[in-house]
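Below: the structure, in structure tokens.
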Protein chains: 2
Amino acid sequence: MQRNTKQREAIKAVFSGSDRPLSVNEVHELATGLVPGLGVATVYRNIKALADDGWLEVVVMPGEAPRYERGGTDHHHHFHCTGCERVFNLEGCMGRMESLLPKGFLMESHDLTLTGRCDSCAAK
Amino acid sequence: MQRNTKQREAIKAVFSGSDRPLSVNEVHELATGLVPGLGVATVYRNIKALADDGWLEVVVMPGEAPRYERGGTDHHHHFHCTGCERVFNLEGCMGRMESLLPKGFLMESHDLTLTGRCDSCAAK
DNA sequence: GTCGTTGCAAAGCGTTTGCAGCCTA
DNA sequence: TAGGCTGCAAACGCTTTGCAACGAC
């Protein structure tokens, strides 16, 4: 990653302006609004490069395409709404998960995903 | 799902004999040992049907093909080893995650994945 | 005998890659 | 000007689907 192009700037801007994980498709559509004609391959290439850099992190839900969000932000987890299929960020954590580890296992990180209905879907 | 074929029996047997989530490929290879000539499409079709039935559940790790395990077993979580890439089952849970929910959100289920080194990889 | 199931091969679909031209530094 | 970056289209790999034959009930 050595040069700043308007395509890369647009892709980064899209992520910086979002408070929830985005799919490649969403990024492509949003960034195309900033840089018309933007190719999908460019989005894939940049997302991959940014993820390798740690600037982005991957968020995966079973049976769905991977989403990406800014890495290095405050430690947080995710909420997956079964109604609108959106993914929200949650604040806080529970800690003390080492108690679940079998003997000899070492924990480097953990990932927690809650599933249910977001406020607007629960209201229906 | 109405008939019992030797292919379906083999696929179910493979899952019943495993204590960790398996990928489609692993299932295909193991089941082919029981039913030579087993087609991949058959494995996909049966896994999908069994998952719809709830007999199987999906386990997903970022950037990897989905794995499947018997559903309806004791509530448990997973450990993903960064050394051998295997996925292990963990016993126990932490509970009280509702405290992380924003107002108005309803939780239906949760999923926790720990990442690190399994005992044999940690020993190296 | 019926019709769900299977194996094969073709089709799909999201993602990656090769390449010639573009454009940042 | 050099070589990283882009857009396009072809290639890829995994998963799904169409179809004729098979076999469980």
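Numbered from 1 within each chain, the chains take letters A, B, ... in sequence-line order.
- Asn89(A) pairs by the side-chain contact (heavy atoms from CB on, under 4.5 Å) definition with Pro21(A), Glu69(A), His76(A), His78(A), not counting sequence neighbours.
- Shown here are the side chain to side chain donor-acceptor pair (under 3.5 Å) partners of Arg20(B), two or more places apart in sequence or in another chain: Glu26(B).
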Reading 5' to 3' through nucleotides 17-25 of chain C, protein heavy-atom contacts under 4.0 Å coded B for base, S for sugar-phosphate only, - for none: BB----BBS
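- The one candidate from Leu90(B), Leu112(B), Thr115(B) that meets the side-chain contact (heavy atoms from CB on, under 4.5 Å) condition with Phe79(B) is Leu90(B).
- We find that OH of Tyr68(A) is positioned 14 Å from P of dG14(C), with the value rounded to whole Å.
- Grouped by direct or indirect side-chain proximity (heavy atoms under 4.5 Å, Ile/Leu/Val/Met/Phe/Trp/Tyr only), Val87(B) sits with Val59(B), Met61(B).
- Under the salt bridge (charged side-chain N to carboxylate O under 4.0 Å, His left out) criterion, no residue pair touches residues 81-104 of chain B, with sequence neighbours excluded.
- Annotation: side-chain contact (heavy atoms from CB on, under 4.5 Å) contacts of Ala122(A) (sequence neighbours excluded): Arg117(A), Leu106(B).
- Protein atom CD1 of Ile11(A) is 12 Å distant from nucleotide atom P of dC5(D), rounded to whole Å.
- For the pair Val40(B) and Val40(A), nearest-nucleotide mapping onto DNA chain D gives the more 5' position to Val40(A).
- The CD1-P distance, from Ile47(A) to dC5(D), rounds to 16 Å in whole Å.
- Atoms CG (Leu38(B)) and P (dC22(D)) sit 18 Å apart, rounded to a whole Å.
- At the phosphate of dG7(D), OP1 or OP2 sits under 4.0 Å from a side-chain N or O atom of Gln7(A).
- Atom pair Glu9(B):CD and dC25(D):C1' shows a separation of 14 Å (rounding to whole Å applied).
- Taking atom CG of residue Asn46(A) and atom C1' of nucleotide dT6(D), one finds them 9 Å apart after rounding to whole Å.
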Base-pair map of DNA chain D as dot-bracket, where | denotes pairing with a different strand and pairs are Watson-Crick or G-U under 3.5 Å: |||||||||||||||||||||||||
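- A centroid separation of 6.0 Å or more is found between the aromatic rings of His77(A) and His110(B).
- For the side chain to side chain donor-acceptor pair (under 3.5 Å) test, residues two or more places apart in sequence or in another chain that qualify with Arg67(A) are Glu64(A).
- Taking Ala51(B) as the reference, Leu56(B) meet the side-chain contact (heavy atoms from CB on, under 4.5 Å) condition, with sequence neighbours excluded.
- Atom-to-atom, CG of Leu34(A) to C1' of dT6(D) comes out at 17 Å; the value is rounded to the nearest Å.
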